[in-house]
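Whatever order the structure lists them in is the order used to number ligands and atoms, beginning at 1.
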Amino acid sequence: MCGIVGYTGHKNAYPIIIGGLERLEYRGYDSAGIALLNGDLNVYKKKGKVDDLKKSLTHAKLDGNTGIGHTRWATHGEPNDINAHPHYSNNKDLVIVHNGIIENYNAIKQDLINKGYQFESQTDTEVLVSFIEDIQKNTQASLEESVRFALQKVIGAYAIVVMSKNSPQTLIAARKGSPLVIGVGKDEGEYFIASDATPIIEYTNEVIYLDDLEIAVIRDGNLTIKNLDSTIKTPYIHTLEMSLEAIEKGGYPYFMLKEIFEQPKSVTNSLRGRVNADEGTLTLGGLSEYMNRLLTADRIIILGCGTSWHAGLVAEYLFEEYARIPVEVEYASEFRYRNPIIKENDVIIAISQSGETADTLAAIELAKSKGAKIFGVCNVVGASIPRMTDAGVYIHAGPEIGVASTKAFTGQLSVLTMMALMIAHKKGIIAESEFREILTELELIPQKIQKALEVSDKIEKIASKFKDATNFLYLGRGNNFPVALEGALKLKEISYIHAEGYPAAEMKHGPIALIDKEMPVVFIAPQDGIYEKIVSNIQEVKARAGKVIAIVTEGEKNIKEMADYTIEIPATHQMLTPLLSVIPLQLLSYYIAIMRGCDVDKPRNLAKSVTVE
Ligand code: M6R
């Protein structure tokens with residue numbers, strides 16, 4: 001939610017900042033803006049995408065070696081040029097970019113208005129920068145101290161970068177609840193700041209993750225990191241392994257399509273070094289220290305949002321069936337505002353692609369405060385969630401840039417499946433033969449995903465038949481019920497078609513009333529233990545003239561005779577079918593959205609990481 005970029009060094013800041021904003025655009029695309037310091041402090045901003053900003057700058061003076069930029073997902077104030085960041089302070093000596101929400105901005109604004117301050121925008125951010133200006137004026141404190149004093153007074157979440165007309169070659173950055181990464185440039189005294197590492201990786205792989213309540217001061221080529229109470233911290237420099245190629249489209253028209261087709265590779269990476277079917281071993285190094293805690297858990301509570309929550313729902317089936325541990329799956333956004341009962345022997349698994357989702361972070365904090373042990377399943381290395389959990393497993397899917405999550409879902413499923421299997425095996429409650437059979441099948445999953453992708457042309461044709469539908473139902477049973485939810489979410493978020501996912505048997509308790517000849521119903525119907533049941537559900541829809549698109553196991557004959565369209569996926573172990581059945585659903589939503597003229601990488605109103613609640 002909102003992307004921030006900053007640069008100070010000896011290069012021209014503009015191309016670095018605008019390029020960085022393009023990389024961060026998946027975080028928000030309501031407006032974009034930059035500020036450059038070159039004696040003057042010039043701000044350029046525009047409603048719309050980074051490209052609209054670029055086009056508006058053809059005659060602008062764009063020199064300066066220090067600058068900041070922002071791409072916005074609107075919270076306070078509609079998306080327009082005025083509400084776009086950066087924001088000047090009242091006297092125009094300071095500028096700020098901000099990701100987050102200042103909850104007490106109204107009270108601060110009122111005080112400032114009483115002192116004669118004026119505001120152009122409706123944002124909380126403009127209030128913060130004028131508040132810093134006011135502190136500086138009243139206390140004669142340095143810019144750094146004024147930022148520090150202001151942040152001690154604000155309530156809410158922020159990642160900010162501040163620049164002053166009177167402090168050349170200076171950037172002040174701080175965070176609480178929203179991410180910030182500092183890149184240590186290869187040139188002497190050169191630093192980059194960004195919401196994540198993607199704008200930085202082109203220039204350096206050495207980064208420092210700013211922690212909550214830390215302020216970074218970069219002045220004349222020197223970096224100091226302090227706590228909000230002014231104690232100096234020694235930064236730890238991480239070396240990133242991310243490649244530039246991983247964050248580019250690589251010939252695909254959209255990141256989403258690239259990421260769908262990357263899944264044979266990304267799932268291989270999730271399994272790499274962990275599964276060895278020949279030797280019958282399964283290792284998740286990240287969990288070893290707390291393995292006993294997992295093995296003796298009385299209950300697992302899984303937390304997540306959106307697609308990550310769906311992965312948690314699949315895991316509920318797996319943990320209960322194989323590890324025999326009761327599971328509750330909770331929306332992090334609900335859990336955090338309840339008074340959940342957490343007992344000594346409960347463990348929490350927090351699932352998040354970005355590792356930055358505000359609700360998931362807050363839910364983890366709440367569970368921690370009640371003494372729970374927290375395990376993370378995340379994709380982005382070094383993000384806030386993996387840094388605040390006790391232990392965890394990375395899914396290693398590589399950067400996911402399309403707003404609609406695809407390869408992260410299959411990475412999450414791979415890791416959660418391994419966790420369930422490992423617990424079952426260590427507890428000795430799965431037969432060795434079944435354990436080895438599933439390991440063998442797991443190793444085959446990447447090539448089976450590849451096979452599922454090979455029918456993309458057929459899926460594109462089916463999409464063309466349904467591109468004008470106004471509603472869709474997705475039905476599945478068992479561990480494919482959450483896949484039905486995921487298929488419906490994919491369609492909704494990128495094509496804006498209303499879609500609902502249900503357990504197929506629930507249909508008779510209400511949704512069946514929706515069925516008529518206009519209603520496409522997607523069934524996830526692999527040949528598993530409840531295949532016969534779903535066949536009956538398909539018949540019930542056909543009896544009411546619904547249009548059936550069924551995801552079936554290769555070679556299946558029965559459903560083919562009933563359904564209007566079938567899409568085959570390779571056969572696999574029942575435990576692993578969600579890893580395959582979701583692939584055609586991702587492609588179906590992608591093609592329908594493209595045919596409707598939607599920008600699938602930047603769906604309206606959405607942003608990739610939801611860093612505000
Ligand atoms: O980064 P996270 O996994 O924590 O994100 C959770 C959701 O915001 C995310 O899965 C969202 O629902 C996606 N847009 C779904 O495609």
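- With respect to Arg387 and Asp211, a salt bridge is recorded, a charged nitrogen being found less than 4.0 Å from a carboxylate O.
- The only option from Gln263, Glu259, Lys407 that meets the side-chain hydrogen bond (donor to acceptor under 3.5 Å, both in side chains) definition with Gln586 turns out to be Gln263.
- Between Arg72 and Asp30 there is no salt bridge, since no side-chain N of the basic residue sits under 4.0 Å from a carboxylate O of the acidic one.
- Glu25 and Lys49 are not joined by a salt bridge, as no carboxylate oxygen comes within less than 4.0 angstrom of a charged side-chain nitrogen.
- Residue, atom and distance of the protein heavy atom nearest to atom 12 (O) of ligand 1 are Gly306 CA, 3.3 Å.
- Looking only at protein heavy atoms, the nearest one to atom 5 (O) of ligand 1 is Thr357 OG1, 3.4 Å.
- Residue-level proximity to ligand 1 for Glu356 is absent, since no heavy atom of it falls below 4.0 angstrom.
- Cation-pi geometry between Arg604 and Tyr496 is satisfied (NZ or CZ under 6.0 Å from the ring centre, within 45° of the ring normal).
- Residue contact check: Thr307 has heavy atoms under 4.0 Å from atoms 10 (O), 12 (O), 15 (C), 16 (O) of ligand 1.
- With no hydrogens or angles considered, a side-chain donor-acceptor pair links Thr577 and Asn480 at under 3.5 Å.
- Of the protein's non-hydrogen atoms, the one nearest atom 8 (O) of ligand 1 is Val610 CG2, 3.9 Å.
- Under a 4.0 Å heavy-atom criterion, His310 is not in contact with ligand 1.
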Applying side-chain hydrogen bond (donor to acceptor under 3.5 Å, both in side chains) to Glu206 and Thr239, what does each step give before you reach the verdict? CA-CA 5 Å; Glu206 297 206 323; Thr239 305; 4.6 Å; no

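- Counting protein heavy atoms only, atom 1 (O) of ligand 1 is closest to Ser354 OG, 2.6 Å.
- Residue, atom and distance of the protein heavy atom nearest to atom 7 (C) of ligand 1 are Cys305 O, 3.6 Å.
- Within the listing of ligand 1, atoms 16 (O) sit less than 4.0 angstrom from a heavy atom of Ala404.
- By the 4.0 Å N-to-carboxylate-O rule, Glu330 lies close enough to Arg338 to be salt-bridged with it.
- Which parts of ligand 1 touch Val403 is read off a 4.0 Å heavy-atom cut-off, strictly below it: atoms 13 (C), 14 (N), 16 (O).
- For ligand 1, the atoms lying closer than 4.0 Å to a non-hydrogen atom of Ser352 are 1 (O), 2 (P), 3 (O), 4 (O).
- A heavy-atom separation below 4.0 Å is not found between Thr360 and ligand 1.
- Every atom of ligand 1 with a heavy atom of Ser308 under 4.0 Å away is listed here by number and element: 2 (P), 3 (O), 10 (O).
- Between Glu248 and Arg23, at least one side-chain nitrogen of the basic residue sits less than 4.0 Å from a carboxylate oxygen of the acidic one, meeting the salt-bridge criterion.
- Nearest-heavy-atom check against atom 14 (N) of ligand 1 across Gln412, Lys490, Gln353, Glu493 picks out Glu493.
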